[in-house]
Amino acid sequence: MLNSKKDLTDIFNQLLKHFGPQHWWPVNDPASDLAPFEISVGAILTQNTNWKNVETALKNLKYENLLTPEKIDSLSEETLSSLIRPSGYFRVKTKRLKNYTKYLMKNYHGDVKASLAGDISEKRKELLQVNGIGPETADSILLYAGRRPTFVIDAYTKRVLIRHKIASDNLKYEEYQLLFHDTLLANGNSEVVKLFNEYHALFVACGKNYCRPKNPRCDQCPLKYNNTI
DNA sequence: ATCCAGATCG
DNA sequence: CGATCGGGAT
């Protein structure tokens, strides 16, 4: 866990050079007030699930003009689950979406932007109170929907850090997150958001293509020269 | 057959 | 801790 600022900066630069910008988070109309809500719904639907399948579910909701907190909050569970079925875990995720929209309606009258403004650690705690929103989903919502500076830790990120001996395998989510916050949070807010946004997506690209659970392609990996620490 | 932009429950 | 949720793309 030493030397981590240099490590993490180098890793980002090498991944960006190799993969290029990843354009997360895809949304049809970024200027719409509902864009943050669409991103949040996507963050819940994509839990342990292919993004491709999530897109189909989002398309279903959008086609029916149901992609608002009010609509989803008032939909029957039967209707909602039939629409999001392509994203898998549809019974579980139906409840999770409704838990989230209920939270938005009760506390913010459905105003997603307002729900993500203000003290970031307070907002993070609020999101974590919603059953079905864990640390990774909460941070994805804050970062991608709210443009707030919080780093998203996922299985890919952990695997890269552990294999490069930047972190041990027994840390808690927030401890992995601190590695990034402690070393990269010193810049201006919008720069940090852009960095965190891109960095997380690059870890995913690396974890899928090279740093795989089995049969990792270390010989071809864009980070192979970071192994010499 | 395998695996996915995880979280909760027992 | 392990078990469970799940359709769809490859």
Side-chain angles (χ1 to χ4, degrees), chain A residues 12 15-16 19-28 35-61 77-103 124-148 150-162 169-177 180 193-217:
Chain A
F12 174 75
L15 290 177
L16 182 61
F19 291 105
Q22 298 296 297
H23 338 89
W24 280 25
W25 197 286
V27 47
N28 280 351
F37 183 65
E38 177 177 342
I39 293 169
S40 301
V41 170
I44 292 171
L45 293 181
T46 200
Q47 290 168 352
N48 199 39
T49 298
N50 293 300
W51 178 252
K52 191 75 180 172
N53 296 346
V54 175
E55 281 186 311
T56 307
L58 287 174
K59 212 170 296 180
N60 290 343
L61 292 170
E77 293 198 4
E78 292 78 9
T79 304
L80 182 54
S81 64
S82 72
L83 291 167
I84 67 169
R85 176 158 312 178
S87 67
Y89 301 153
F90 55 90
R91 281 178 283 264
V92 173
K93 286 174 179 176
T94 291
K95 298 217 183 279
R96 292 181 179 178
L97 282 182
K98 290 183 82 62
N99 291 341
Y100 178 55
T101 55
K102 183 170 50 178
Y103 154 78
R124 190 174 189 276
K125 283 181 196 167
E126 281 188 12
L127 287 170
L128 291 175
Q129 300 295 330
V130 179
N131 188 298
I133 297 184
E136 183 175 345
T137 305
D139 286 324
S140 292
I141 291 173
L142 285 164
L143 177 64
Y144 291 100
R147 301 178 185 283
R148 307 302 305 273
T150 187
F151 203 92
V152 179
I153 302 295
D154 61 3
Y156 302 108
T157 305
K158 288 182 198 170
R159 194 160 61 236
V160 173
L161 293 177
I162 291 166
D169 62 356
N170 57 354
L171 302 186
K172 291 185 289 193
Y173 182 98
E174 283 76 12
E175 297 179 311
Y176 288 105
Q177 189 177 51
F180 295 88
V193 167
K194 277 169 56 180
L195 174 65
F196 284 10
N197 180 324
E198 195 58 55
Y199 205 162
H200 168 61
L202 286 168
F203 270 126
V204 173
C206 183
K208 287 167 112 77
N209 294 292
Y210 297 98
C211 205
R212 308 181 291 197
K214 23 179 151 171
N215 308 111
R217 303 167 59 195

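Every chain is numbered from 1, with letters handed out A, B, ... down the list of sequences.
Lys214(A) comes within 4.0 angstrom of sugar-phosphate atoms only, judged by non-hydrogen atoms across all strands, and of no base. Note on Gly88(A): a base of the nucleic acid sits closer than 4.0 angstrom, heavy atoms only. Using a 4.0 Å heavy-atom criterion, one finds that Ile133(A) contacts the sugar-phosphate atoms exclusively. Base engagement by Asn53(A) is indicated by at least one non-hydrogen atom pair under 4.0 Å involving a base atom. Across all strands shown, Thr49(A) has heavy atoms under 4.0 Å from base atoms, whether or not it also approaches the sugar-phosphate.
A straight line from CD1 of Ile44(A) to C1' of dG6(B) spans 12 Å, rounded to a whole angstrom. In this structure, the OH atom of Tyr89(A) is 12 Å from the C1' atom of dT8(B), given to the nearest Å. Whole-Å rounding puts the Arg124(A) CZ to dA7(B) P distance at 10 Å. Atom-to-atom, NZ of Lys93(A) to C1' of dT8(B) comes out at 14 Å; the value is rounded to the nearest Å. Look at CG on Asn48(A): it is 8 Å from C1' on dC3(B), rounded to the nearest Å. One atom, NZ of Lys95(A), and another, P of dT4(C), lie 19 Å apart when rounded to the nearest Å. In this entry the distance linking CH2 of Trp24(A) with P of dC4(B) reads 13 Å, nearest Å. Put simply, CG on Leu97(A) is 14 Å from P on dT8(B), counting in whole angstrom units.
Dense packing is recorded around CZ of Arg159(A), with more than 12 heavy atoms of other residues, nucleotides or ligands lying under 6.0 Å away. No more than 12 heavy atoms of other residues, nucleotides or ligands sit less than 6.0 Å from atom NZ of Lys95(A).
At dA7(B), one or more side-chain N or O atoms of Thr137(A) fall inside 4.0 Å of OP1 or OP2 (strictly under the cut-off).
Classified by interplanar angle (parallel below 30°, tilted 30° to 60°, perpendicular above 60°), the ring pair Phe151(A)/Phe180(A) is parallel.
No donor-acceptor pair under 3.5 Å is formed between the side chain of Arg96(A) and the backbone N or O of Ile44(A).
Salt-bridge formation is not detected for the pair Asp169(A)/Lys158(A): no Lys NZ or Arg NE/NH1/NH2 atom is positioned less than 4.0 Å from an Asp or Glu carboxylate oxygen. No salt bridge links Arg91(A) with Glu78(A); every basic N to acidic carboxylate O contact stays at or beyond 4.0 Å.
Taking for each of Val130(A) and Thr46(A) the nucleotide of DNA chain B with the nearest heavy atom, the 5'-most of the two is the partner of Thr46(A). When each of Thr56(A) and Arg91(A) is assigned the nucleotide of DNA chain C bearing its nearest heavy atom, the one mapping closer to the 5' terminus is Arg91(A). Residue-to-nucleotide proximity on DNA chain B shows that, of Trp25(A) and Asn131(A), the 5′-proximal contact is made by Trp25(A).
Across dA1(B) and dG6(C), the matching P atoms stand 23 Å from one another, rounded to whole Å.
Residue Pro135(A) has its side chain nearest to dA7(B) when only dA7(B), dG8(C), dG6(C) are considered. Proximity note for Glu136(A) (side chain, C-beta onward) versus dA9(C), dC4(B), dA7(B): the nearest is dA7(B). Of the candidate nucleotides dT8(B), dG8(C), dA7(B), dA7(B) has the atom lying nearest to any side-chain atom of Gln47(A).
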